[in-house]
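Quick note on labels: first sequence line is chain A, next is B, and so on, each numbered from 1.
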Amino acid sequence: MVKFDYFEPKSVEQACAFLERHADEAKLIAGGTALLIWMRMMLLNPHVVVSLARIPGFDSISFDPKDGLRIKAGARHRDIELDPAVREHYPLLYETFRKVAQPRIRNMGTIGGNLCQGDPLTDPGASLIAMDAEITLTSSKAKRTLPLEKFFVDYYQTDLRPGEILIEIRVPLPARPLGWAHIKFLPRSQEDFATVGVALVLRGNALGKRRRSCAAKRSPMIESGRWRRWPRMKSIPWMTTAAPPITNVT
Amino acid sequence: MKRKITLTVNGKEQELEIEPNRLLLHVLREEIGLTGTKEGCSIGVCGACSVIVDGRLVSSCLTLAAGCEGRDIETIEGLAKDGNLHPLQQAFIEYGGFQCGICTPGQIMAAKALLDENPKPTADEVKEWMSGNLCRCTGYYKILESVMAVVNNKISPDFQFRKREQQAKIQSLDVYKPVAKTD
Amino acid sequence: MKRTINLTINEEAFEAEAEPRLLLSYFLRERAGLTGTHIGCVIGECGACTVLLDGRLVKSCLLFAVQADGRKVLTIEGLAKNGALHPIQEAFVQQYGLQCGYCTPGMVLASYSLLRDNLNPTEEEIRKALGGNLCMCTGYVQIVESVKAAAKKLQQS
Amino acid sequence: MAKAEKFSVVGQRVQRVDGFDKVTGESKYIADIILPGMLLGKILRSPYPHARILRIDTSKAEHLRGVRAVVTAEDTLKRPWGAFFADQYILSVGKARYVGEEVAAVAAVDLDVAEEALALIDVEWEPLPAVFDAEEAMKAGAPLVHDDKKRNIAVTLDIERGNIQRAFAESDIIVEDTFQSAPQWHCSIETIGSVAEYASSGKYTIYMNSQTLFNARYRIAAALGVPETDIRIIQSAVGGGFGGKSCDDNNALVAAILARKAGKPVKVINSREEEFLAGCRPRVFMKIDVKLGFKKDGRIRAKHIRIIADNGAYSAKAPAITGVAAMRHDTCYKYSDVKTQAYLVYTNKIPTGAFRGFGNPSAEWAVEQAIDIGAHELGIDPMEIARINAAESGYVSPHGNRVTSCELKQCLDMTEKMMDWKKKRADKKPNTGLGLACTVHVSGKRHFGDYDGSSATIKINEDGKALILSGEGEIGQGVHTAMCQIAAEELGVRVEDVEISKADTDLTTFCLGAFASRLTYISGNAVKNAASNVKQQLFQQASEMLEANADDLISHGGRIFVKGAEGKFVTVADAARARLFRHNGAPIVGSGSFDADSVLPDKTRFGNESGAYNYGVQAAQVEVDRETGQVKVLQYVIASDCGTVIYPIGAEGQVEGGFAQGIGYALIEGLQFDEGRPVNPNFSDYRIPSMRDLPPLTHAFADSYEPTGPFGAKGLGELNMDPTAAVISNAIFDAVGVRIKTLPITPEKVLKALTEKG
């Protein structure tokens, strides 16, 4: 690993200022589970590392019935998994986050870091897209909010612009009843990255047709995320054999 | 540019000056001399470097030491108190939860983090929790058995490692007279 | 407050941090890993920790490492070159100038300092030059013989 | 069957002797060894699978601040070395023959500097045509890996016993098929490493995590060109070996020459990537054609096997491994007429070598499937086919292997019962199936010179406790505990009163080390003999003190007494002290040797390769998901015949751990090469089984007694790695009717086979 300067800003504004100042040579670190591997492999060699770990409230999760779920980018996967509101109102997210890697990595990796890495092999993206999540990004110049699915561009490529920090993920409260599933296909070890991850949401009237399962699968209400790309699929013929049983209704 | 940091490691404060690119794993091993924490894969997969930071189980190979300023770190060396093994350590011996032992500090720290959070996990919960700690020797059956032995309180109450005598009387040599004894 | 100490040890640059109170002898052993410099008394009496600082014979237990900052140190490890012993080392081996060997690095360096200035010392001069180096094993006779033999070797070369 | 022998220590669930250190993190593995002034070494490796080195310029690296030594082949004798063939160099001489080959190395004050220095070494390469496939390599005109090896063939075997043509003519049905095994990496959680120290007087002291210290010493001496005595090898705690740490690689040698040049101790530890590229020597990849002739009643009449084995660029132990794959299995069943042809072929890939099973997992993958095919064609239960053909005590294989004890049939009965085989077979559910395979392994193997033995020394300390000095070493399998139990049993003392030293070539007598499942049997016998010698001395002393005849004495629990008169006794401590503290005093110290009754195979590879053979049976019930091709193992059963079980926790651990590696081999593990370059050399992409990947397992040991073993024991370590892949494949066939013939069995392969079958 190269030598670098290390900063721990105490506010998002400060962090943005650091990013601005060290434009090309700085990297943000949150959980570090991906960044440090790349740095150890000398694939990334930043001269400045800005840690977001000491920004007060940057890991908070809050829920409001009208506003939905607001997850600050510094929340760790395990914080989300263990959050009572997530468990109660967003069972799909609970099921997804409890399956991310294993507890040690969930204790470290943050949702913001995960999304910004743009790694299609990881689990949260698909479920959050399926739940209509939107994200807020900020820089010292501007703040913007966009749907998560627009954020993902390609393998390891996102719409994150220079100087920007992902600060929040908002997930609207889903309509009830809600049918949902998240599965990932692990051909080798249970610890592997998924070959395919599928998140599926059925809302409102689509649920009534659930018994006509094939029809339900073609319903425009179904959304999913898929390996290597992040499409919000309107129809998913490839799933006709591997679809999970939609048994979870809340 | 080196930074000064203070870590609390197994209850003891440690003041260190380190480069920001140093990993917690290497600082524990090389600066503090706690070599119980092992490096296996260097990429957070195998869990041999598992330690507990502020109550959370983490991979010390993916943790910058600089980010641990002021944090409380537990390593395998902090588990046994006054030569008395932690119940998990005892269970791993009694139930054969290791062979070569290189993954064992990580396995035990992972199990400790679980039991701290959930003292009565089911076997499936243990499996799910521990699955990120790889072992190439045991096939895991005895690791699971060891952890479940602690959960189900099946470790011996009067465990003494290899019956070591703590207060052996050393026979004086100059008064030694060989004779047969009787019961 | 720790200080960064830069010095040359056996012709190699070396840098390490140390508290100002750290003695040069410990610095050499623990920071530089050169354990040939031995600790005998830590009050400058025994000479087991003898090294050369900028060419002058010193007892490294009577110096702080910071005092060696920017200077040149020669330790016993710097004497043999490319696996070949220095003639003084050879002489100590051949003339049985050692038993346990603990004082030997200091003895050798003291002899080195002597013979550098005086290639033909008398026994008295040898005993005087090595007077600050204590040995509990040999009774010094063979040490003196070793230094004499070393002087001869050096004269010939 | 077992002798009615009652043991007081053997067979008890005792505590591991090294347990405390391991659960507290106090065990010193190689990375934990830190010497004063120690430097860290890094190795520059070939980026090409085959290339000539035109020039190496190390001057920039040498001038980097913090660099203490840079070495190339010029710092070595350029003398080739190797376990069987001297064909590899410490650092490339003229050419590199695989990606990852050691070309140069640096010792520096820290790893970052060492890595920077590697980048400053300037090597001018001339890439050469390379060959990556063993079959391609055998073709005329293929690039030669070694100029003197025509058609790249390192070893050819062509052996016929009996009359194979007649035997096939007399067969009722003939099964013929081709199977491919896969390379597999050891993936010890601790990688290979060494700390070398060089005293300018000429002695090397090398701390190694090797599993075969004296073999390491021999090879290092040969490569460095110094006598064995000038090399002292001290074993650190070993974080898993499985064959990978038997010093077939250059790690310790590079550390040694760096230490010599730098004049400082040097530690060289493989990164995980280096371990995959060029560290441990992975399992030999084999393509195996099997042809079996059966009689209608299920008897195997003829067997013809043809193997093409991928040696990689250098030979390591692959020559012996090829022989094992070609012949070992003929000790499992009662064969009469067999033919075996095998070719070991050089390619421009990582050298392959010893991995738990030593050729057996590859061969059993093929042969046990061919037998299963035969069983299905004949309409006979695979369990019955195995029973009909199973070897028995007294069997002599066509290659001269003499079986002194064999409980294979008992293992079959146990497996049948534990699996509830008959019932499960009768109520077969869709997409579920049962599979079975048998296995045989050795307990030691006579192949490193004409010696298949071990030696040990036991001394009694003044406190009456015994200390075993053995150079065999502990690599995690628990053999030190088993040795303490054997010594305690023989001496009649508590196991807590026996300790064992770490292995150190300067302090212990010659020992071959951990391979060929030999330690419990071979070194167990040596320890037992040493203990017996010590016991004689103790009894001699005690007889004076008890005023009794030494022949009438027995010992138990640390007391020595006349048989039947336990009330009056002397303790072992008293006897030892009495022998020492007197005129003409002497410590009680005894040594013991054992050399197995095996035979160094002759030119036709005939000869009893081992003193004892261990047997096992495994069975699986699997469920196949027809939509994804995924295989779920519902239940797994193992029965093992390892003679008397000395250390049950350790023995169970060997079964479970071997099986876990078998599951990895069968279903999970695989390294992909691209033009000889490993594509996934890390734990994120080369997966090994995790806790969640292991199925429910039931296992048990046969009631067995090996007459030549210590208290009836024989080997176990490798047995349960061997048949697992075949078991799973056989079960998949039973479940969905497709047979997978290449490893690992991935969902893609199963799905493809199902689609093709329609």
Side-chain angles (χ1 to χ4, degrees), chain B residues 29 34-43 45-46 48 75-77 79-80 85 88-90 92-96 98-105 108 126-128 130-144 161-164 168 170-171 173 176 178-183, chain D residues 15-29 31-32 186-190 237-242 271-272 462-463 475-478 494 496 545-546 566-571 573-574 577-578 581 649-650 652-653 656-661 682-684 688 690-692 694 697:
Chain B
R29 289 179 54 83
L34 295 174
T35 54
T37 304
K38 307 298 181 189
E39 181 158 13
C41 68
S42 315
I43 56 169
V45 174
C46 79
T75 73
I76 188 71
E77 288 90 347
L79 249 53
L85 294 179
L88 279 164
Q89 293 175 308
Q90 179 187 330
F92 271 64
I93 295 177
E94 279 192 72
Y95 290 86
F98 60 87
Q99 284 178 35
C100 83
I102 192 98
C103 73
T104 311
I108 290 177
V126 174
K127 272 193 197 175
E128 205 165 320
M130 302 278 291
S131 65
N133 287 75
L134 298 179
C135 171
R136 192 59 159 169
C137 295
T138 61
Y140 306 101
Y141 296 97
K142 292 198 186 306
I143 295 177
L144 182 62
F161 179 68
R162 295 202 83 219
K163 299 203 176 73
R164 292 248 191 231
I170 304 297
Q171 178 96 40
L173 300 178
Y176 181 67
V179 283
K181 293 170 183 166
T182 48
D183 267 333
Chain D
Q15 291 171 18
R16 258 183 90 116
V17 294
D18 50 357
F20 199 96
D21 298 346
K22 292 198 169 176
V23 298
T24 53
E26 287 171 26
S27 267
K28 294 286 177 275
Y29 296 86
D32 308 333
H186 310 73
C187 298
S188 307
I189 307 297
E190 183 202 38
V238 182
F242 319 118
S271 70
R272 181 59 59 188
E462 303 89 280
D463 56 12
I475 63 165
Q477 75 282 58
R494 304 181 316 159
E496 292 82 8
M545 295 159 75
L546 288 164
E566 291 185 33
K568 192 179 174 203
F569 63 89
V570 296
T571 64
D574 282 339
R577 278 199 202 97
F581 296 107
I649 296 177
E652 289 158 12
E656 293 161 4
F659 162 64
Q661 292 178 1
N682 60 63
F683 271 1
S684 177
I688 61 171
S690 82
M691 194 179 266
R692 279 192 286 192
L694 273 297
L697 170 69

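Heavy atoms of D:F659 lying under 4.5 Å from chain B belong exclusively to its side chain. Heavy atoms closer than 4.5 Å to chain D are found in both the backbone and the side chain of B:L134. For D:S271, no part lies near chain B; criterion is any non-hydrogen pair under 4.5 Å. D:E26 does not touch chain B: none of its heavy atoms, backbone or side chain, sits under 4.5 Å away. For a residue to count as touching a neighbouring chain, one of its non-hydrogen atoms must lie under 4.5 Å from one of that chain's; by this rule B:K38 touches chain D with the side chain only. Heavy atoms of D:D463 lying under 4.5 Å from chain B are absent altogether. For D:E652, the parts lying under 4.5 angstrom from a heavy atom of chain B are both the backbone and the side chain. If you measure heavy-atom distances from B:Q89 to chain D, the contacts under 4.5 Å come from both the backbone and the side chain. Both the backbone and the side chain of D:T24 come within contact range of chain B, judged by heavy atoms closer than 4.5 Å.
Residues B:Q99 and D:R16 form a side-chain contact, since some pair of their non-hydrogen atoms from C-beta on lies under 4.5 Å apart. At least one side-chain heavy atom of B:F98 sits under 4.5 Å from a side-chain heavy atom of B:I93.
Among all heavy-atom pairs drawn from D:F683 and B:C46, the shortest one is CD2-CB, 3.9 Å. Taking every heavy atom of both residues into account, D:M691 and B:L144 meet most closely at CE-N, 4.1 Å. For the residue pair B:N133 and B:Y140, the shortest heavy atom distance occurs at O-CE2, 3.5 Å. Contact record, D:G19 with B:F161: N-CZ, 4.0 Å, taken as the closest heavy-atom pair. Across every non-hydrogen atom of D:Y29 and B:G101, the tightest pair is OH-C, 3.0 Å. Residue B:G139 comes nearest to D:A660 through the heavy atom pair CA-CB, 3.4 Å, listed as atom of the first residue, atom of the second, then distance.
Here D:F569 pairs with nothing under the ring pair (Phe, Tyr, Trp, His ring centres under 6.0 Å) rule; sequence neighbours left out.
Per-residue counts of heavy-atom pairs under 4.5 Å with chain B were compared for D:N682, D:V570, D:L697, D:I475; the largest is that of D:L697. Heavy-atom pairs under 4.5 Å with chain D peak, among B:Q90, B:E77, B:M130, B:R29, at B:R29. Heavy-atom pairs under 4.5 Å with chain B peak, among D:L546, D:I649, D:T571, at D:I649. Your options are B:C137, B:P105, B:S42, B:G36, and the one with the most heavy-atom pairs under 4.5 Å with chain D is B:C137. Chain B forms the most heavy-atom pairs under 4.5 Å with one residue out of D:S27, D:S684, D:G658, and that residue is D:S684. Contact tally against chain D (heavy-atom pairs below 4.5 Å) for B:G40, B:C135, B:G96: the top residue is B:G40. Of the listed residues D:K28, D:E462, D:H186, the one with more heavy-atom pairs under 4.5 angstrom with chain B than any other is D:H186. Counting heavy-atom pairs under 4.5 Å between each of D:R494, D:K22, D:Q661 and chain B puts D:K22 at the top.
Atom CD in D:E190 sits 15.0 Å away from atom CZ in B:R136 (nearest 0.5 Å). A distance of 8.5 Å separates CD1 in D:I189 from CD1 in B:I102, rounded to the nearest 0.5 Å.
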